[in-house]
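Keep in mind that this is a model prediction, so the values were computed, not measured. When a residue number appears, it is its place in the shown sequence, counting from 1. In each ligand, atom 1 is the first atom listed, and ligand 1 is the first ligand listed.
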Amino acid sequence: MKHFLDINTTSKAELRGIIDTAMAMKTARAGRPKGAPDDDQPLKDHMVALIFEKPSTRTRVSFDVGVRQMGGQTMVLSGADMQLGHGETIADTARVLSRYVDLIMIRTFEEQTLLDMAEYATVPVINGLTNRSHPCQIMADVMTFEEHNGPIQGKKVVWSGDGNNVFASFAHAAQQFDFDLTFTGPPTLDPEPALQGFYTIERDPNVAVQGADLVVTDTWVSMHDPQSARERRHNQLRGYQVNEALMAKAKQDALFMHCLPAHREDEATSAVMDGPHSVIFDEAENRLHAQKAIMRHCLGR
Ligand code: CP
Ligand code: NVA
């Protein structure tokens with residue numbers, strides 16, 4: 001049994017294995033109806049709990065569909081509807097759920113909630129986003145890059161905007177998959193200090209994107225950020241919008257990614273999101289394939 005908590009706590013060999021499995025599983029399904037079962041059914045007779053303490057479209061649907069394609073069943077639980085939202089501890093919740101289900105995916109606020117779940121659960125736990133990281137997303141992003149432009153090793157990835165949870169998983173991935181990562185954003189929204197050494201900083205976005213193989217951004221206000229900070233964040237980040245003029249300074253075959261949901265015309269323009277560099281919907285699709293491979297990895301199947 002293995003948890004999937006973060007990209008920097010999973011070995012390089014395991015990460016590469018997950019990407020390879022995801023690609024193979026995607027290829028094996030090509031052209032088939034979305035609801036069709038996979039030929040192999042590694043989750044047959046398995047029950048998976050999907051816990052959400054924050055909203056979700058992609059994570060919720062892609063995990064649910066992925067489990068079913070592999071022959072398993074799911075239970076989607078909202079944190080607010082569970083006793084968890086009424087004072088029961090994570091440790092007790094983890095021990096109880098482990099008596100019923102074979103795998104737990106949790107999207108939550110504090111990283112400590114995820115860590116407690118993993119410590120006390122006796123079944124694998126998968127991180128479906130915390131305030132600090134979003135590893136499933138970046139596994140899908142690495143897969144998407146490699147599908148389009150080959151090995152990501154040695155490539156230049158530029159993040160423009162907020163140094164947030166999604167950036168943190170990119171920073172972990174830069175070390176594990178051996179690519180160069182540049183952060184461009186205002187000093188007030190720098191990534192957390194623990195990530196220093198995983199990336200370089202270039203304050204001028206026009207300089208940062210030169211020679212980029214991949215340009216990435218994300219929402220300027222994350223789900224854990226107070227709405228009261230919205231205007232201040234927008235003012236600080238406006239200069240880091242990914243628009244056609246900025247993309248034109250990257251490599252000719254550069255890709256554009258955004259984990260979605262996006263706020264069009266804020267962090268990225270529609271011209272870029274729907275333009276020739278964009279692979280945002282392949283990214284969204286690859287959540288499904290990457291997470292199926294992650295679940296197989298966790299269950300040793
Ligand atoms: N990218 C992502 O995790 O999307 P959701 O919030 O819709 O799950
Ligand atoms: N940074 C965003 C990602 C959403 C998928 C958030 O945490 O809200």
- Message: Checking side-chain polar atoms at under 3.5 Å, does Gln291 have a donor or acceptor matched by the opposite partner on Ser62?
- Response: yes
- Task: Go through ligand 2 atom by atom and flag the ones less than 4.0 Å from a non-hydrogen atom of Asn164.
- Result: 1 (N)
- Message: Below the 3.5 angstrom mark, is there an N/O of Leu260, backbone or side chain, next to an N/O of ligand 1?
- Response: yes
- Message: Is the distance from the ring center of Tyr199 to that of Phe167 below 6.0 Å?
- Response: yes
- Query: What are the atoms of ligand 1, with element, lying closer than 4.0 Å to any heavy atom of Cys259?
  - Reply: 1 (N)
- Using non-hydrogen atoms of the residue, decide whether Arg107 is closer than 4.0 angstrom to ligand 1. yes
- Item | Basic-acidic side-chain contact under 4.0 Å: Asp64, Arg68 | yes
- Message: I'd like to know if the side chain of Thr59 pairs up with that of Arg107 as donor and acceptor (distance under 3.5 Å, no hydrogens or angles considered).
- Response: yes
- From the list Arg301, Arg296, Lys292, salt bridge (Lys or Arg N to Asp or Glu O under 4.0 Å) with Asp40 holds only for Arg296
- Item | Polar proximity ligand 2 side, Asp218 side, N/O cut 3.5 Å exclusive | yes
- Carboxylate-amine/guanidinium proximity below 4.0 Å for Asp180 and Lys155: no
- Item | Within-cut-off N or O pair, Leu260 and ligand 2, under 3.5 Å | no
- Message: Taking 4.0 angstrom as the limit and counting only heavy atoms of Thr57, give me the atoms of ligand 1 inside it, by number and element.
- Response: 5 (P), 7 (O), 8 (O)
- Message: Hydrogens and angles aside, do Thr217 and His258 bring a side-chain donor and acceptor to less than 3.5 Å of each other?
- Response: no
- Which protein non-hydrogen atom lies closest to atom 8 (O) of ligand 2, naming both residue and atom, and how far is it? Met223 N, 2.8 Å
- Item | Backbone or side-chain N or O of Met223 under 3.5 Å from ligand 1 N or O | no
- Looking only at heavy atoms, the pair that brings Met273 and Ser278 closest together is O-OG, 2.7 Å
- Under a 4.0 Å N-O cut-off, is there an ion pair linking Arg32 with Asp39? yes
- Of Ser56, Ser133, Ser222, Ala168, which has the heavy atom at the shortest distance from atom 6 (C) of ligand 2? Ser222
- Item | Distance-only N or O hit between ligand 1 and Arg60, under 3.5 Å | no
- Message: Heavy-atom distances under 4.0 Å decide this one: backbone, side chain, both or neither, for His134 against ligand 1?
- Response: side chain
- Item | Asn165, portion touching ligand 2 at heavy-atom distance under 4.0 Å | side chain
- Query: Under 6.0 Å from the six-membered ring centre of Phe177 and within 45° of its axis: does the NZ or CZ of Lys12 meet both?
  - Reply: no
- Closest heavy-atom approach to atom 4 (C) of ligand 2 among Leu129, Thr57, Asp225 is made by Leu129
- Message: Is it the case that the side chains of Lys251 and Asn149 hold a donor-acceptor pair, with the cut-off being a distance below 3.5 Å and no angle test?
- Response: no
- In terms of residue, atom name and distance, what is the protein heavy atom nearest to atom 2 (C) of ligand 1? Arg287 NH1, 3.3 Å
- Task: Please confirm whether His134 comes within less than 3.5 Å of ligand 2 when only nitrogen or oxygen atoms on both sides are compared.
- Result: no
- Item | Identity and separation of the nearest protein heavy atom to atom 4 (O) of ligand 1 | Arg58 NE, 2.8 Å
